[in-house]
Amino acid sequence: MNTHKKIITLSISAAIALTSTSSAFADGHEIKMLRDQIKALTQRLDQLEQESAEHKQTVDKMASTHKNSITSGNDRVRVTVSGHVNRALMHVDDGDRSEVFHVDNDASSTRLRVIGEAEVSDELTVGAAMEMQFESNSSASVNQLDGTSVGNDNFTQRRLEVYFDNKSLGKLWMGQGWTASEGTSEVDLSGTDLAGYSDTSVVGGAVLFRNSSGTLSGVSVGDAFANFDGRGRADRLRYDTPSFNGFKFAVSAIEGDAWDAAVRYAATYDSLKVAGALAYSEPDSTTVDSQVNGSVSVMLNNGFNFTFAAGERDLKSSATDPEFYYGKFGYQTRMNDAGTTSFSVDYHRSDDLDLMGDEGTAYGLQAVQKFDAWSTEGYIGWRTYELDRSGSSFKDIDAIITGARVKF
């Protein structure tokens with residue numbers, strides 16, 4: 001009960017006492033009427049107090065909702081703007097020459113996103129998302145021929161979609177965005193994915209292998225290595241189920257005649273955390289019939305972690321189907337108040353990707369330091385690419401990337 005209400009109640013009580021003891025000035029009927037009026041007044045005070053508390057709760061919620069947010073022109077919609085800039089230096093040695101490129105790290109490209117959400121009810125949220133990518137000299141695009149300036153047309157779409165998220169029924173997505181199988185080869189709890197993960201060709205993917213004679217071949221790192229990560233982002237209609245004991249299922253109908261489906265799992269146990277995904281997809285392709293891929297990652301409480309990914313692509317006119325395997329071993333710790341420090345070593349093998357009989361092997365080392373107060377991550381990664389092909393001899397390629405991602 002607030003102070004004002006206490007004062008009013010005490011005053012009323014005093015009036016009742018005075019009235020009750022002054023029978024010479026009021027009879028019993030008048031006293032009853034006065035008491036009824038006082039009761040009604042007290043009930044009204046209770047109602048006003050409740051409305052005041054509800055108003056304060058609404059104001060506090062709105063203040064919390066709009067903290068660090070942009071105000072929408074529609075007061076029913078919450079708008080947030082976020083993104084990051086990710087710049088790096090990439091040194092490449094192709095066995096004959098070396099070069100340094102100023103790049104945008106394609107492992108997590110520079111981007112800007114705007115998300116608007118309306119909470120229709122406690123169960124339903126309606127949202128819209130726009131996410132654009134700005135890549136000047138993508139680490140996956142620069143090579144010996146293009147020099148140090150690639151990607152003049154570097155403004156590209158990532159997400160242009162609407163979605164309906166119901167806590168009980170699931171989530172429906174419509175427009176340009178992640179397909180159901182996107183990211184299913186890239187589940188990684190190591191904390192070092194900025195410097196290296198299963199899609200190893202994001203660093204130096206366009207760099208060309210040199211023949212043993214020193215001349216450039218027409219085979220790039222991206223031709224020899226892949227992680228078959230589902231159908232990527234596309235215009236699609238996608239549905240995700242709610243979580244069932246850590247499992248989530250998703251399916252999407254993609255533009256053309258393509259479709260995919262995936263299952264994801266995430267859980268935390270007493271001594272470890274585990275996450276994984278498995279996907280099947282059928283692209284709209286004249287050469288590929290279907291594809292299966294997945295990944296799993298485990299983080300122990302002591303900081304050690306393990307990641308494994310694999311996939312196979314079923315070709316329509318080939319006796320041998322391309323496949324890949326990827327493994328990572330890492331360690332994560334918090335040495336000081338700055339943020340988490342993560343280290344890892346990984347291995348990637350792609351077979352029969354460009355030509356039947358090809359064997360691509362990659363080894364890498366990664367380190368990432370988080371600076372929580374700066375909303376920044378610094379990283380460095382090294383990788384060697386080797387390609388064995390019958391009748392050809394290629395020199396190994398070494399690539400080192402170091403940079404920083406600043407989030408906002």
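Owing to the predicted nature of the structure, the values given are computational and were not obtained by experimental measurement.
- If you look at Phe225 and Tyr385, their ring centroids are closer than 6.0 Å.
- Inspection of the Ser168 and Glu123 side chains reveals an N or O donor paired with an N or O acceptor under 3.5 Å.
- Around atom OH of Tyr325, no more than 12 heavy atoms belonging to other residues, nucleotides or ligands sit under 6.0 Å away.
- None of Asp351, Leu353, Asp358, Asp354 except one satisfies the side chain to side chain contact (heavy atoms under 4.5 Å, CB included) rule with Pro322; the exception is Leu353.
- Using a cut-off of 4.0 Å between Lys/Arg side-chain N and Asp/Glu carboxylate O, Asp94 and Lys395 are scored as not salt-bridged.
- The backbone N or O of Asp270 lies less than 3.5 Å from a partner atom in the side chain of Asn301, making a donor-acceptor pair.
- The pair Asp289-Lys316 does not meet the salt-bridge criterion, since no charged nitrogen lies less than 4.0 angstrom from a carboxylate oxygen.
- Within the 4.5 Å cutoff, the side chain of Pro283 has no heavy atoms near those of the Gln291 side chain.
- Atom CH2 in Trp259 sits 5.5 Å away from atom OH in Tyr280 (nearest 0.5 Å).
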Requested in this report: Report the C-alpha separation of Ser212 and Phe394 in whole Å, then their side-chain angles, then the decisive distance to 0.1 Å, and conclude whether the side chain to side chain contact (heavy atoms under 4.5 Å, CB included) test is met.
Outcome: CA-CA 6 Å; Ser212 57; Phe394 299 108; over 6 Å; no
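- Within the 4.5 Å cutoff, the side chain of Asn305 has no heavy atoms near those of the Val298 side chain.
- In this structure the side chain of Phe247 never reaches within 4.5 angstrom of the side chain of Thr241, judged on heavy atoms.
- With no hydrogens or angles considered, a side-chain donor-acceptor pair links Ser109 and Gln133 at under 3.5 Å.
- The number of heavy-atom neighbours closer than 6.0 Å to CZ of Arg334, taken from other residues, nucleotides and ligands shown, is above 12.
- Checking Thr384 against Asp398 by side-chain atom types alone, a donor-acceptor pair falls below 3.5 Å.
- Here the CD1-CH2 distance, from Ile400 to Trp382, works out to 8.5 Å after rounding to the nearest 0.5 Å.
- Surrounding CG of Asn74 are more than 12 heavy atoms belonging to other residues, nucleotides or ligands, all under 6.0 Å away.
- Side-chain contact check for Gln144 versus Val207: some heavy-atom pair is nearer than 4.5 Å.
- Formation of a donor-acceptor pair under 3.5 Å by the Asp240 side chain with backbone atoms of Gly170 is not found in this model.
- Remark: Glu377 engages Arg405 in a salt bridge, criterion side-chain N to carboxylate O under 4.0 Å.
- Evaluated for a salt bridge (charged side-chain N to carboxylate O under 4.0 Å, His left out) with Glu161, the options Arg233, Arg236, Arg238 yield exactly one hit, Arg236.
- A salt bridge links Arg87 and Asp104; the closest N-O separation between the charged side-chain nitrogens and carboxylate oxygens is under 4.0 Å.
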**Report entry** Stepwise side-chain hydrogen bond (donor to acceptor under 3.5 Å, both in side chains) check, Asp346 with Gln366
**Finding:** CA-CA 8 Å; Asp346 65 2; Gln366 302 85 31; 3.2 Å; yes
Requested in this report: Mind running ring pair (Phe, Tyr, Trp, His ring centres under 6.0 Å) on Phe324 and Phe228 for me, showing each step along the way?
Outcome: CA-CA 8 Å; Phe324 90 96; Phe228 300 164; 5.7 Å; yes
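- Residues Thr340 and Gln332 are in side-chain contact: their nearest non-hydrogen atoms beyond the backbone lie under 4.5 Å apart.
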Query raised in the report: Does the pair Arg389 and Leu355 meet the rule for a side chain to side chain contact (heavy atoms under 4.5 Å, CB included), with working shown?
Result: CA-CA 8 Å; Arg389 174 177 291 181; Leu355 291 180; 3.4 Å; yes
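- Between Phe408 and His84, the ring center distance fails the sub-6.0 Å criterion.
- The backbone N or O of Leu315 lies less than 3.5 Å from a partner atom in the side chain of Asp321, making a donor-acceptor pair.
- A side-chain donor-acceptor contact under 3.5 Å links Asn293 and Thr184.
- Contact check on Arg349 versus Glu359 returns a salt bridge, with a Lys/Arg side-chain nitrogen under 4.0 Å from an Asp/Glu carboxylate oxygen.
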Query raised in the report: Checking side chain to side chain contact (heavy atoms under 4.5 Å, CB included) for the pair Leu208/Leu145: CA distance, chi angles, key distance, verdict?
Result: CA-CA 9 Å; Leu208 301 172; Leu145 298 178; 3.7 Å; yes
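- Judged purely by atom type and a 3.5 angstrom limit, Thr320 has no side-chain atom pairing as donor or acceptor with the backbone of Met356.
- No side-chain heavy atom of Asn227 sits under 4.5 Å from any side-chain heavy atom of Thr200.
- Formation of a donor-acceptor pair under 3.5 Å by the Ser108 side chain with backbone atoms of Leu194 is not found in this model.
- A distance of 6.0 Å or more separates the ring centres of Tyr331 and Phe343.
- Classification of the Trp178-Trp173 ring pair by plane angle, with boundaries at 30° and 60°, yields perpendicular.
- Between the side chain of Ser72 and the main chain of Asp75, no donor-acceptor pair closer than 3.5 Å is present.
- Taking CD of Gln369 as the start and OG1 of Thr192 as the end, the distance is 13.0 Å to the nearest 0.5 Å.
- Ion pair Asp372/Lys370 not flagged as a salt bridge, since none of the NZ, NE, NH1 or NH2 atoms sits closer than 4.0 Å to an Asp/Glu carboxylate oxygen.
- Counted by atom type alone, Thr361 and Glu386 present zero donor-acceptor pairs between their side chains at under 3.5 Å.
- At least one side-chain heavy atom of Val79 sits less than 4.5 Å from a side-chain heavy atom of Val114.
- In this structure, OG on Ser281 lies 7.0 Å from CD1 on Ile254, to the nearest 0.5 angstrom.
- Between Glu255 and Ala234 the shortest heavy-atom distance is OE2-CB, 4.2 Å.
- The shortest side-chain heavy-atom distance between Arg159 and Ile115 falls under the 4.5 Å cut-off.
- A distance of 10.5 Å separates CD1 in Ile401 from CZ in Arg383, rounded to the nearest 0.5 Å.
- Nearest heavy-atom pair across Ala277 and Val187 is CB-CG2, 3.9 Å.
- Going from atom CD of Glu312 over to atom CD of Glu323 covers 5.5 Å, rounded to the nearest 0.5 Å.
- Panel note: side chain Asp106, backbone Ser139; no donor-acceptor pair is recorded below 3.5 Å.
- Salt bridge present: Glu119 and Arg78 bring a charged side-chain N and a carboxylate O closer than 4.0 Å.
- A donor-acceptor contact under 3.5 angstrom links the side chains of Asp260 and Ser181, judged on distance only.
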Query - Verdict with supporting geometry, Val296 and Thr307, side chain to side chain contact (heavy atoms under 4.5 Å, CB included) - result: CA-CA 6 Å; Val296 62; Thr307 300; over 6 Å; no
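- Aromatic ring pairs are classed by plane angle as parallel below 30°, tilted from 30° to 60° and perpendicular above 60°; the pair His348 and Tyr326 is perpendicular.
- Judged purely by distance below 3.5 Å, without hydrogens or angles, the side chains of Lys328 and Ser190 pair a donor atom with an acceptor atom.
- Heavy atoms from other residues, nucleotides or ligands lying under 6.0 Å from NZ of Lys171 number more than 12.
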Query - Steps toward side-chain hydrogen bond (donor to acceptor under 3.5 Å, both in side chains) verdict (Asp396, Tyr363) - result: CA-CA 11 Å; Asp396 298 344; Tyr363 311 85; over 6 Å; no
